[in-house]
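The next block holds one structure in the form of structure tokens; read it before the comments.
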2 protein chains.
Amino acid sequence: MSNFAKPAANRKYHHGDLRQALIDAAVAIVAEEQNWNFSLREVARRAGVSHNAPYNHFAEKRDLLDAVAAVGFDTLRLAMASALEGAADAGEAMIAIARAYVSFAAGNPALYRLMFGPELAAPDGVRPELAETSGAGAKAILRDVVVRGADDGLFTVSATEETSIGMAVLAAWSAVHGLSMLIVDGKTEAAAKPDVLVDGLMTLVIDGLRRR
Amino acid sequence: MSNFAKPAANRKYHHGDLRQALIDAAVAIVAEEQNWNFSLREVARRAGVSHNAPYNHFAEKRDLLDAVAAVGFDTLRLAMASALEGAADAGEAMIAIARAYVSFAAGNPALYRLMFGPELAAPDGVRPELAETSGAGAKAILRDVVVRGADDGLFTVSATEETSIGMAVLAAWSAVHGLSMLIVDGKTEAAAKPDVLVDGLMTLVIDGLRRR
DNA sequence: ACCTGAACACCGTTCAAGT
DNA sequence: ACCTGAACACCGTTCAAGT
């Protein structure tokens with residue numbers, strides 16, 4: 001029964017925080033195997049518990065997938081937020097967050113695919129509430145930049161007309177999400193120099209916004 | 001042994017064309033259940049054969065998934081090609097094929113997800129040859145329209161500079177693919193009126209192209 | 001409240017065997 | 001050449017039971 005001076009983790013024997021340990025294990029497996037086909041039993045094995053212990057924290061496997069995706073959305077949101085800081089104007093800001101976005105996707109392809117995969121959007125009977133909220137952080141940041149550009153007179157979107165702003169946000173998000181997916185899926189050979197692609201793509205979108 | 005006048009399908013008892021029957025069954029299941037989580041055994045059951053018969057035509061399950069995806073890519077290519085016909089200029093053509101593209105994705109979400117899913121792009125060790133060729137048809141059509149627009153002086157991309165054209169194609173594909181994915185994944189609430197979205201998005205991209 | 005172990009119905013894949 | 005049936009190692013999920 002000698003305690004091997006493990007900081008403060010497994011004192012309770014009831015594992016302390018199995019829920020988080022399971023999420024961590026799942027995230028690690030996704031990163032290692034570059035796909036999200038892990039089995040619940042493998043995650044349990046890695047966390048050192050029986051294959052049924054996870055059911056105390058997740059009603060079904062999909063709930064664990066949701067939790068993993070949530071980690072991804074948090075990381076993405078933080079990366080975008082910190083990329084935003086040095087930007088002088090809305091144009092720079094748009095390019096900076098686009099770079100951060102695509103860089104995250106390219107660096108975590110399997111996680112990114114899980115985030116935008118079917119498990120969250122359409123399990124069996126669809127879970128609209130999750131689908132709506134999961135990308136909300138990224139979308140909100142994009143929206144802020146578009147509004148900022150409209151206020152500064154940089155983009156020619158009417159800052160009050162909600163449809164016009166919504167369209168601009170959708171255009172930016174589609175471009176950035178589409179490029180990310182094409183890179184992640186290996187559909188474009190130019191994935192080696194993503195920043196060049198992102199810059200070109202976003203200036204094109206920004207130019208389009210100027211013209212409206 | 002009386003033959004029930006089935007046209008000419010199952011005369012050989014060895015099923016005639018099991019390979020195609022399996023593909024058809026798989027496509028049908030994907031459309032019905034709106035996901036590609038079907039089991040090989042279910043496909044075999046539906047085709048009326050033992051659960052091992054598929055292995056005579058597909059070395060592993062992923063090969064059947066590839067075949068299903070190929071059906072999707074063919075359908076998409078044909079839809080784009082026929083949408084192209086009535087277009088007067090490159091701008092109209094761009095919008096027409098974009099509409100066809102997004103409409104296909106919105107109408108066949110599960111199939112579209114399979115086409116751009118991880119199974120084709122990064123099975124375990126990646127299959128670049130498949131990833132490169134699978135989207136080639138759609139990409140080629142987009143490229144033709146961009147080149148046509150450049151020749152007509154409608155888009156300001158240098159028709160000779162390969163990078164510039166490649167960038168324009170990538171921009172168009174990213175936009176259209178990104179919007180499709182966002183709709184398919186339920187990340188945008190405006191999925192009810194996709195044509196409005198497509199038109200707005202593509203005019204924006206086209207305006208961006210004019211400006212370069 | 002949290003965890004374990006046995007059990008159930010299912011899978012993908014392999015192998016020997018049938019025609 | 002194509003198909004079947006038994007078999008293997010795995011899964012997700014449930015249930016009774018332990019602490």
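Convention: sequence-line order gives letters A, B, ...; per-chain numbering from 1.
- The CZ atom of A:F58 sits 18 Å away from the P atom of C:dA1 (whole-angstrom rounding).
- Checking C:dC3, D:dC3, C:dT13 against the side-chain heavy atoms of B:H51 singles out C:dT13 as nearest.
- Judged purely by distance below 3.5 Å, without hydrogens or angles, the side chains of B:Q20 and B:D24 pair a donor atom with an acceptor atom.
- Relative to the six-membered ring of B:F38, B:K61 meets both conditions, a distance below 6.0 Å and an angle of at most 45° to the axis.
- Note: CD (B:E60) to P (C:dC11) measures 18 Å, nearest angstrom.
- For B:K61, the side-chain atoms get nearest to C:dG12 when compared with the rest of C:dG12, D:dG12, C:dG5.
- Going from atom CG of B:L64 over to atom P of C:dG12 covers 10 Å, rounded to whole Å.
- Ring pair A:H177/A:Y101 is perpendicular by interplanar angle, where above 60° counts as perpendicular and below 30° as parallel.
- D:dA16 atom C1' lies 14 Å from atom CG of A:N56, rounded to whole Å.
- Under 4.0 angstrom from either OP1 or OP2 of D:dC11 there lies at least one side-chain N or O belonging to A:R45.
- Across all strands shown, D:dC2 forms a Watson-Crick or G-U wobble pair, both distances under 3.5 Å, with C:dG18.
- Side-chain proximity of B:N52 to D:dG5, C:dT13, D:dC15: nearest is D:dG5.
- To the nearest angstrom, C1' of C:dC15 lies 13 Å from OH of B:Y55.
- Base pairing annotation: D:dT13 forms a Watson-Crick or G-U wobble pair with C:dA7, both donor-acceptor distances under 3.5 Å.
- Here D:dT13 presents its P atom at 8 Å from CZ of A:R62, a figure rounded to the nearest Å.
- Of the side-chain N and O atoms in B:R41, none sit less than 4.0 angstrom from OP1 or OP2 of D:dC11.
- The side chain of A:H57 has C:dC3 as its nearest neighbour among D:dA7, D:dT14, C:dC3.
- If you take CG of A:D17 and P of C:dC3, they are 10 Å apart, rounded to a whole angstrom.
- Summarising the geometry of A:I23 relative to A:V68, their closest heavy-atom pair is O-CG2, 4.4 Å, with the distance given to 0.1 Å.
- In this structure, the ring of B:F73 has its center no less than 6.0 angstrom from the ring center of B:Y112.
- Close to D:dG5, at under 4.0 Å from its OP1 or OP2, lies no side-chain N or O of B:S50.
- Following rounding to the nearest Å, A:E42 (CD) and D:dT13 (P) show an atom-to-atom distance of 16 Å.
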